[in-house]
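What follows is a short report on a single structure.
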Amino acid sequence: MSLPISHPALSVADPELAALVGAEEQLQADTLRLIPSENYVSAAVLEATGTVLQNKYSEGYAGRRYYEGQQNIDQVETLAVERAKAVFGVEHANVQPYSGSPANLAAYLAFAEPGDTVLGMALPMGGHLTHGWGVSATGRWFRGVQYGVRPGSALIDFDEVRDLARKERPKIIFCGGTAVPRTIDFAAFGEIAREVDAVLVADIAHIAGLVAGGAHPSPVPHADVISTTTHKTLRGPRGAMLMSRASHAKAVDKAVFPGLQGGPHNHTTAAIAVALREAAAPSFRDYAHAVVANAKALAEALLARGYDLVSGGTDNHLVLIDLTSKDVPGKVAAKALDRAGIVVNYNTVPFDPRKPFDPSGIRIGTPSLTSRGLGTDRMPLVAEWIDRSVTAAAKGDEDALAVIRGEVAELLAGYPAPGLPTD
Ligand code: DSN
């Protein structure tokens, strides 16, 4: 199905760029997007990101700006802040961080000094670069100590976390990650952080939408600071938020501005406000629970086809497949899936003997397909496509991949994606 031409001004002013945007719209319409950190925003969120709010500079916070002309911007930012507080049940929200990494860096600036020890989950075990991993500024400017998961169960080893915390006395403990298929036990992290007098930062970037929709426990009673991007399961624009108890509000705000950033991206702030309004609607609870139901159904269907899943399944939106037993490296599988119209990313699995740029696994998730309205009844077919693609990858069977690509596009034509042009 060909999408209609959109973006009339862009098509005239810069046809080359307009064609690329159109091609991306077509790609996002025709392919099954399984990257667990991606989604489709609503047309309303998309519109907000393209408004004249982007023309305005607004260093400072509502009512305390360094530039005039903030009559509307102050209200936009206040709306976003109040909605964040209501959706997540927090005392304070800062909606200005440009994205997840700057948001996390602001937490360092607020609660640690260079050289201080921080404790976070190791990147190859499912953590994030900014949780103190060596190649990141957070691992170079701070002393990153890393915890992992237990061999076998692939669940977080809280004995290890507690032992490391007692021994290393970190200033900050990070929980959350980018390849964690199981519920994060915020209470257990909170208890450890309190024992060693560390600030607990819950990075809920991946699961923010699930938390907002009641499909994952909230970190609010346990974490001092909550960091999240706004564009993953939360289904907002590319952006981030830091939320905290009132007692940490000053430190958080000072760290974001003037500590790290200049003017907030007001068009993004507006789109965050829109996304939070959507997240407060009862339909978003249904969405969040459907994301999890789809991921569980997809995991079951893959297990039935003999796939090894890290931790044996999922509690959330994400499934991490270890392809070692299939004899297909993650990168080879991911590229074959891409040719079959199924977009995933290759990923390390815990204790991966292979390198991060050529690892053993692929990471998949259900936020995007759920936004298109696919339900659990379709997950066996998705698992079948993945299985056929991995088999085709092993055999170098390009014809099989082309057939799957056609089947994917045909099915998806019946599930229009939010935000994309329609006839
Ligand atoms: N890039 C994000 C993800 O895919 O999980 C994390 O920063």
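Just so it is clear, the model here is predicted, and its values are computed rather than measured. Residue numbers start at 1 and run along the sequence shown. The basis for the numbers below is simple: all heavy atoms, side chains too, and nothing from hydrogens, waters or symmetry mates.
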Intermediate values then yes/no, salt bridge (charged side-chain N to carboxylate O under 4.0 Å, His left out), K355 and D358: CA-CA 5 Å; K355 298 263 181 267; D358 184 19; over 6 Å; no
Could you please spell out the steps behind the side-chain hydrogen bond (donor to acceptor under 3.5 Å, both in side chains) verdict for W133 and Q146? CA-CA 8 Å; W133 189 244; Q146 309 273 271; over 6 Å; no
Run the ring pair (Phe, Tyr, Trp, His ring centres under 6.0 Å) test on F186 and H216 for me, step by step, so that the C-alpha distance in whole Å, both residues' side-chain angles and the decisive distance to 0.1 Å come before the verdict. CA-CA 11 Å; F186 296 120; H216 187 290; 5.6 Å; yes
Show your reasoning for whether salt bridge (charged side-chain N to carboxylate O under 4.0 Å, His left out) applies to D74 and R65. CA-CA 9 Å; D74 273 4; R65 306 279 188 188; 2.7 Å; yes
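By the 6.0 Å and 45° rule, K171 does not stack over the aromatic ring of F111. Both the sub-6.0 Å distance and the 45° axial angle are not jointly satisfied by R235 relative to the ring of Y40. In this structure, R363 fails the cation-pi test against Y346, since its NZ or CZ atom is not both closer than 6.0 Å to the six-membered ring centre and inside 45 degrees of the ring normal.
The two residues Y98 and P264 have their closest heavy-atom pair at CE2-CA, 4.3 Å. In this structure, G330 and L323 approach most closely via the heavy-atom pair CA-CD1, 4.1 Å. In terms of heavy atoms, V292 sits closest to D315 at CG1-O, 3.5 Å. Heavy atoms only, all atoms of each residue included: G209 and T233 are closest at N-OG1, 2.9 Å. Across all non-hydrogen atoms, the minimal contact from A293 to T376 is O-CG2, 3.6 Å. D352 approaches G361 most closely through the heavy-atom pair OD2-N, 4.4 Å.
Under a 3.5 Å cut-off, the side chain of Y147 and the backbone N or O of A165 do not form any donor-acceptor pair. At least one donor-acceptor pair closer than 3.5 Å links the side chain of R33 to the backbone N or O of N39. In this structure, the side chain of R83 engages the main chain of A273 through a donor-acceptor pair within 3.5 Å. Within the 3.5 Å criterion, the main-chain N or O of Q71 finds a donor-acceptor partner in the side chain of Q75. Judged by distance alone, with hydrogens and angles left aside, the side-chain atoms of T230 form a donor-acceptor pair with the main-chain N or O of G239 at under 3.5 Å. In terms of modelled atom types and a separation under 3.5 Å, the side chain of N294 and the main chain of V291 share no donor-acceptor contact. Side chain of S136 to backbone of T138: a donor-acceptor contact under 3.5 angstrom is found. Of the possible donor and acceptor atoms, one in the side chain of Q261 sits under 3.5 Å from a partner among the backbone N and O of Q96.
In this structure, CD1 in I364 is found 4.0 Å from CD1 in I321, a value given to the nearest 0.5 Å. Interatomic distance, N316 CG to I207 CD1, rounded to the nearest 0.5 Å: 7.0 Å. The structure places OG of S153 at 9.5 Å from CZ of R182, a figure rounded to the nearest 0.5 Å. Rounding to the nearest 0.5 Å places OG of S227 at 8.5 Å from CD1 of I204. Remark: Q26 CD to T31 OG1 distance equals 10.0 Å, nearest 0.5 Å. Atoms OG and NZ, on S37 and K232 in that order, are 6.0 Å from each other to the nearest 0.5 Å.
A donor atom on one side chain and an acceptor atom on the other are found under 3.5 Å apart for S58 and Q70. Side-chain contact of H131 with D203: a donor-acceptor pair under 3.5 Å is present, judged by distance alone. With no hydrogens or angles considered, a side-chain donor-acceptor pair links N94 and Y61 at under 3.5 Å.
In this structure the side chain of L309 never reaches within 4.5 angstrom of the side chain of T314, judged on heavy atoms. A heavy-atom distance below 4.5 Å is not found between the side chains of R64 and E59. Using a 4.5 Å heavy-atom cutoff, the side chains of L276 and F88 are in contact. Residues I192 and L119 are not in side-chain contact: their nearest non-hydrogen atoms beyond the backbone lie 4.5 Å or more apart.
Salt bridge absent: D338 and K335 never bring a charged side-chain N and a carboxylate O closer than 4.0 Å. Using a cutoff of 4.0 Å between basic side-chain nitrogens and carboxylate oxygens, D157 and R150 are scored as salt-bridged. Ion pair D224/R245 flagged as a salt bridge, since at least one NZ, NE, NH1 or NH2 atom sits closer than 4.0 Å to an Asp/Glu carboxylate oxygen.
The aromatic ring centroids of H248 and H92 lie 6.0 Å or more from each other. A distance below 6.0 Å separates the ring centres of Y108 and F174. Aromatic rings of F158 and F189 (six-membered ring for Trp) have centroids within the 6.0 Å cut-off, being under it.
E77 pairs in a side-chain contact (heavy atoms from CB on, under 4.5 Å) with only one of the listed residues (V95, I272, N72), which is V95. With I173 as the partner, the side-chain contact (heavy atoms from CB on, under 4.5 Å) test is satisfied by one option alone out of V199, V118, V196: V196.
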